[in-house]
Structures are given as C-alpha cells and as structure tokens.
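Each ligand, and each atom within it, is numbered from 1 in the order the structure gives.
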Amino acid sequence: MCPPADKPVANGSEEMVAIDLASAVKTNGHLNGGEKDKKGFYNRPSDFLSNTSNWQIIESTLREGEQFANAFFDLETKIKIAKALDEFGVEWIELTSPAASPESRAHCEAICQLGLKRSKILTHIRCHMDDARIAVETGVDGVDVVIGTSSFLREHSHGKDMSWITKTAIEVIQFVKSKGIEIRFSSEDSFRSELVDLLSIYRTVDKIGVNRVGVADTVGCADPRQVYELVRTLRGVVSCDIECHFHNDTGCAIANAYAALEAGATHIDTSVLGIGERNGITPLGGLIARMMVADPEYVKSKYNLTMLREVENIVAEAVEIQVPFNNYITGFCAFTHKAGIHAKAILANPSTYEILNPADFGMTRYVSIGHRLTGWNAVKSRVEQLNLTLNDEQIKDATAKIKELADVRTQSMEDVDMILRIYHNAVQEGKLKVGQSAVLDRLLEEHVNSRETSPNRNAKRQRVEEASA
Ligand SMILES: CC(=O)SCCNC(=O)CCNC(=O)[C@H](O)C(C)(C)COP(=O)(O)OP(=O)(O)OC[C@H]1O[C@@H](n2cnc3c(N)ncnc32)[C@H](O)[C@@H]1OP(=O)(O)O
Ligand SMILES: O=C(O)CCC(=O)C(=O)O
Ligand SMILES: [Zn+2]
C-alpha cells in the first residue's frame, strides 16, 4: 500500500500505521471485511459469483474411495455405505466404472435398484464409447466421463491428442444424452493442462449440452488462488454446472474446494475420511466443517449432520483404519479443551474457542482437567458438578495439588474427583486448612493405602498367591 504523497516515508512509525489502518478500513469496510455474525466471526462480503450457499456433494467413496490402498468393498459393504450416505443426504453417489470388472458392473446395477431416498447414482468412466455403452445399461442417473488433458497424460497415459479427445468426448456425450441420462465431462490433471485446451474443450461440450464440466486436481498440485482463478475464468466460458475434484497431496483439498465454490463451482467431490488414490481427496467431514462456518443454516437444512460419525465409522471399519485423532468434527479431540485459559473461557461461553457447535453433529464437548496446564476455573466447574462445597481460595489450593501431581503424571478424571472429594471432606471435618499441602499429601496417601487393603484387593492378592504357590 502506498503512503500519501505529502507524507514522508517513516517505516514503522505510529503515524504510518494509523494511516495504513485507516485506508485499509476505508477500502475494505473492515480489515477482515464484512459484518460480524452472531458468533463474532467476520464474514467477507460475498462475491457475486460465490456458491458457498448453493452447492452439491458428489460423494465418491464408492469410486475414488475404492482406489484407496486398503479398500475392498463387497456388495453388502457398498450397500451399507450407500444407504448411510443417502441417510446423511449427499446429493450424488459416484460408483466405480462398470467396465472395471464383472462384479463392479453387478454392484453398480444393484445399487441403482436400491431406490435411495435422496442420493442419485453416477458412474465414472473413461472417455470411450465401449465404457459408455456399458454404463448406460446399468440404470445410473448420470455418467461422469473423464480424460487426461495434460501433456503428461496425453503422452504417457492414453496417447491421444486434443482433437481426438474432443471428437470422442462429443460422441460419448451425445450418446449418453440420447439415453436420457445426465452427463459430465471432466479433464483429468486440469491444473497441468494448457488453459487454451481446457477452455476450448469445455466450451465445445457446453455447447452440445453437457450437464456439468469437471475440473480435477489429479496430483494435488493446485493452491486455492490457482483454483479460484481457473474456476472463475471457466465460469465466464460455460453455462453448465462446474464440478471440482481435489487431491490432498499437499494439504489443500478442503481449501481448494472452498475456493472453487467461491469462484462459482456448483459441485464438490468428496470421500468419507478423504480416502482415495495416494492420500486421497477432500474429506466429506472436512468439507462439511468448512461449509458450516460459511453458512450453517444452509448446511443444516441439507444434511443429517448427526449421521456423519456413523458414516465415517462404517467406512473406517470397511477399510480397516482408525478415524484420525484430529479428524474434523469427529476426531476424539475435536471438541476437547485443555489449557486452563481455554477451559475458563469455554465454560463461560463455548463460542470463545469453538467455531463449530458439537451438538450440531451429535458430539459432546469435553473439558480436560487433570493435567499440569489446568486452572482453578476448570477445577471449580468440576467441584460444582460434584456438588462439593469449596470456596475459591480452597479450590485454588486444591488446583495447586492437582498440578503438582500432574507434573509427575497426568491425572484421570477419577483421580481429580478423588482429590477434590478428599479435600472437601477434610475441610468439612476440620482436618485441613488452605496451604497445608503436607496434610493433604498424608490424607491422599491414607486413602490410596486404604484402597490397596480393601477386601477386593485382599482377595485379589490371595488369588495371586494361590496361583503362584
Ligand atoms: C484419475 C482417476 O482416478 S481416473 C479413474 C481411475 N479408475 C480406474 O482406473 C477404474 C479401474 N480401472 C480398470 O479396471 C482398468 O484400468 C480398465 C478396465 C478401466 C482398463 O483396463 P485395461 O484395458 O486392462 O487397460 P489399463 O488399465 O492397463 O490401461 C488403461 C487403458 O485406458 C486408456 N485410457 C486411460 N485413460 C483413459 C481415458 N480417460 N479415456 C479413454 N481411455 C483411457 C489407456 O490408453 C489404456 O489403454 P490401452 O489399452 O491402449 O493401453
Ligand atoms: O473425473 C474426475 O473429474 C476426477 C477423476 C480423478 O479421480 C482425478 O482426476 O483425480
Ligand atoms: Zn481422483
């Protein structure tokens, strides 16, 4: 940003900072843009092209996800996944090409027969009449056609030039349309393709009535700015819908999906837990998390969000993986608050440190207490839950003991409760005063020893002695 002409350049001076801030506010309305929402979040003013409140999911767990290293889906598993996705409410379910194998074809036909309530069925084929002829016989609602347009794929995958690709694409599209089935044409490896080639073929297929064109970041090389620019340019060239597919090799798959919607894309490909070739694509749950922040009411109106965890568990079990600890929304620590400063604020108002509400997804918030980073406000909340009577000074004293013990090893909630109960009882009985750390140590030790010599403990010891005799 340039300084005004009549002011000397004074790097870092307070005056300069004030001028820059003032002009930034004037230009953008606010440094973060737009108005604050109810949660105190600054939303940017919407771009007139933006579709962040008007988009659909093409759920590809049963196509891209089948390309995940661990995946082997029998029909029963595919049906279970398809039904769960339908229950969740995805608009489209994409299935592996029926040309892949006899079972793939039979599964595709069987899933089309399920009569799902909400989700329509797509299958995904090469840009080839042989595949198209098989696909239209399966009963799908739509066919997704793909062919590589980058020089890498033109030279080393299928060996065809752009004029062959265009001619064959037209033939396949017209054939599928003639059967009354929806058709999408996509360029694989779009971000390493020549822009002129892309725009030219997309314009051609748009003119002959393709329902959607697809942009695919097949190798995960694109960043959100590149995505925005390509999709925005494409939006000005075609009138049909625009679908986007992002691989996550460099960690941009969710951000790229969001940038695509901001630029006017209409459909995003996802898979449950992001499974797919290599490290996969935009995860369903991650996209939902992102879009909930953009327009919660829209997302809640479309999807049965409390199903997310179940869908993920079904897929995780089917491909023999764990749901990652830090998974969006459903990871075990996604709504766990630990540090004392966070815990205090969260207990006062969850919006302080949560942009998503766990209840929207049937999840629960958890405040972790028994560790060295805890604070007296978190401990106070537990005292209240346990219906104990301790004043703030006593709670701070008990907190000091919890922290001291947690410096040696993390204390479970059971440990914390035990410390608080002993503290409380000792205070009630006049055995303990604030600051008497050694007295508290002795009481805790007595309690532990009494547990060690409890009848159960004695019985166990006796059994061990008998077994070893
Ligand atoms: C980026 C993606 O994920 S795209 C989707 C990937 N999905 C799949 O590959 C589905 C599963 N695939 C399969 O079952 C098999 O690869 C099949 C049935 C599709 C093809 O099997 P094969 O005929 O044995 O060929 P193979 O897999 O070795 O090679 C791919 C063939 O498709 C051709 N091809 C590759 N991509 C395309 C395309 N998009 N459009 C048209 N032809 C293509 C290649 O030129 C090659 O043909 P060739 O017979 O002249 O060598
Ligand atoms: O059909 C598409 O658009 C995407 C195909 C694919 O899986 C990819 O390019 O990574
Ligand atoms: Zn892919």
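- Protein heavy atoms are absent from the 4.0 Å sphere centred on atom 29 (O) of ligand 1.
- For atom 32 (O) of ligand 1, the closest non-hydrogen atom on the protein side is R126 NH1, 2.8 Å.
- A pairwise comparison of heavy atoms in V238 and R235 identifies O-NH2, 2.9 Å as the closest pair.
- For atom 12 (N) of ligand 1, no protein heavy-atom neighbour is present inside the 4.0 Å cut-off.
- Inside a 4.0 Å radius of atom 41 (C) of ligand 1 there is at least one protein heavy atom.
- With a heavy-atom cut-off of 4.0 Å, S97 does not touch ligand 1 at all.
- At the top of the distance list for atom 44 (C) of ligand 1, counting protein heavy atoms only, stands S157 O, 3.7 Å.
- Distance check on atom 9 (O) of ligand 1: every protein heavy atom falls at or beyond the 4.0 Å cut-off.
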Applying side-chain hydrogen bond (donor to acceptor under 3.5 Å, both in side chains) to D415 and S412, what does each step give before you reach the verdict? CA-CA 5 Å; D415 295 332; S412 67; 3.2 Å; yes
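- In terms of N/O distances under 3.5 Å, ligand 1 is not approached by E277.
- Note that R365 lies outside the cation-pi zone of F335, set by a 6.0 Å cut-off to the ring centre and a 45° limit from the axis.
- Considering both main-chain and side-chain atoms, H124 comes within under 3.5 Å of ligand 2 through a nitrogen or oxygen pair.
- Protein heavy atom closest to atom 10 (O) of ligand 2, with residue, atom name and distance, is H247 NE2, 2.9 Å.
- Of all the heavy atoms of E243, none lies under 4.0 Å from any atom of ligand 2, so neither backbone nor side chain is involved.
- Proximity to A216 (heavy-atom distance under 4.0 Å) selects the following atoms of ligand 2: 3 (O), 4 (C), 9 (O).
- Contact detail for A406 and H371: the closest heavy-atom pair is CB-C, 3.4 Å.
- The minimum heavy-atom distance linking A259 with P224 is given by the pair CB-O, 3.5 Å.
- Ligand 2 lies within reach of R63, whose nearest heavy atom is under 4.0 Å from it.
- Counting protein heavy atoms under 4.0 angstrom from atom 26 (P) of ligand 1 gives zero.
- Contact atoms of ligand 1 toward V146: 38 (C), 39 (N), 40 (N) (distance under 4.0 Å to a heavy atom of the residue).
- Set against the non-hydrogen atoms of R63, the atoms of ligand 1 under 4.0 Å away are 3 (O), 5 (C).
- Ligand 1 lies nowhere less than 4.0 angstrom from a heavy atom belonging to K160.
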Exercise. Kindly indicate, with the supporting measurements, whether the criterion side-chain hydrogen bond (donor to acceptor under 3.5 Å, both in side chains) is fulfilled by T166 and S163.
Key: CA-CA 5 Å; T166 309; S163 66; over 6 Å; no
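- Atom 6 (C) of ligand 2 has H245 NE2, 3.3 Å as its closest protein atom, hydrogens excluded (heavy atom only).
- Set against the non-hydrogen atoms of A99, the atoms of ligand 1 under 4.0 Å away are 18 (C).
- Atoms of ligand 2 found under 4.0 Å from any heavy atom of V146, numbered from 1 in the order shown, are 1 (O), 2 (C).
- Atom numbering of ligand 2 starts at 1 in the shown order; those under 4.0 Å from a heavy atom of E188 are 9 (O).
- By the 30° and 60° cut-offs, the orientation of the rings of W55 relative to Y298 is perpendicular.
- Within the 4.0 angstrom cut-off, atom 15 (C) of ligand 1 has no protein heavy-atom neighbours.
- We find that R232 and E229 are not joined by a salt bridge, their nearest charged nitrogen and carboxylate oxygen being 4.0 Å or further apart.
- Atom 3 (O) of ligand 1 lies below 4.0 Å from at least one non-hydrogen atom of the protein.
- Ring planes of H267 and W92: tilted class, angle from 30 to 60°.
- Nearest to atom 3 (O) of ligand 2 among the protein's heavy atoms is S186 OG, 2.6 Å.
- E188 OE2, 3.1 Å is the protein heavy atom nearest to atom 1 (C) of ligand 1.
- Shown here for R309 and M363, the closest heavy-atom pair between the two residues is NE-SD, 3.6 Å.
- Contact annotation for atom 48 (P) of ligand 1: protein absent (non-hydrogen atoms, distance under 4.0 Å).
- The closest approach between a heavy atom of C127 and any atom of ligand 1 is below 4.0 Å.
- For atom 7 (N) of ligand 1, the nearest non-hydrogen atom of the protein is Q67 OE1, 3.7 Å.
- Atoms of ligand 2 lying under 4.0 Å from at least one heavy atom of R184, given by number and element, are 1 (O), 2 (C), 3 (O).
- Across T282, I58, I281, a single residue satisfies side-chain contact (heavy atoms from CB on, under 4.5 Å) together with S271, and that is I281.
- Scanning the protein for heavy atoms near atom 9 (O) of ligand 2, the closest one is T218 OG1, 2.6 Å.
- For H247 and H245, the ring centers are positioned less than 6.0 Å apart.
- Counting only protein N, O or S atoms, the number found under 2.8 Å from the Zn ion (ligand 3) is 3.
- Counting protein heavy atoms only, atom 5 (C) of ligand 1 is closest to H124 CE1, 3.6 Å.
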For side-chain hydrogen bond (donor to acceptor under 3.5 Å, both in side chains), just list the numbers for N304 and T306, CA-CA rounded to whole Å, side-chain angles, deciding distance to a tenth of an Å, and then say yes or no.
CA-CA 6 Å; N304 181 2; T306 56; 3.2 Å; yes
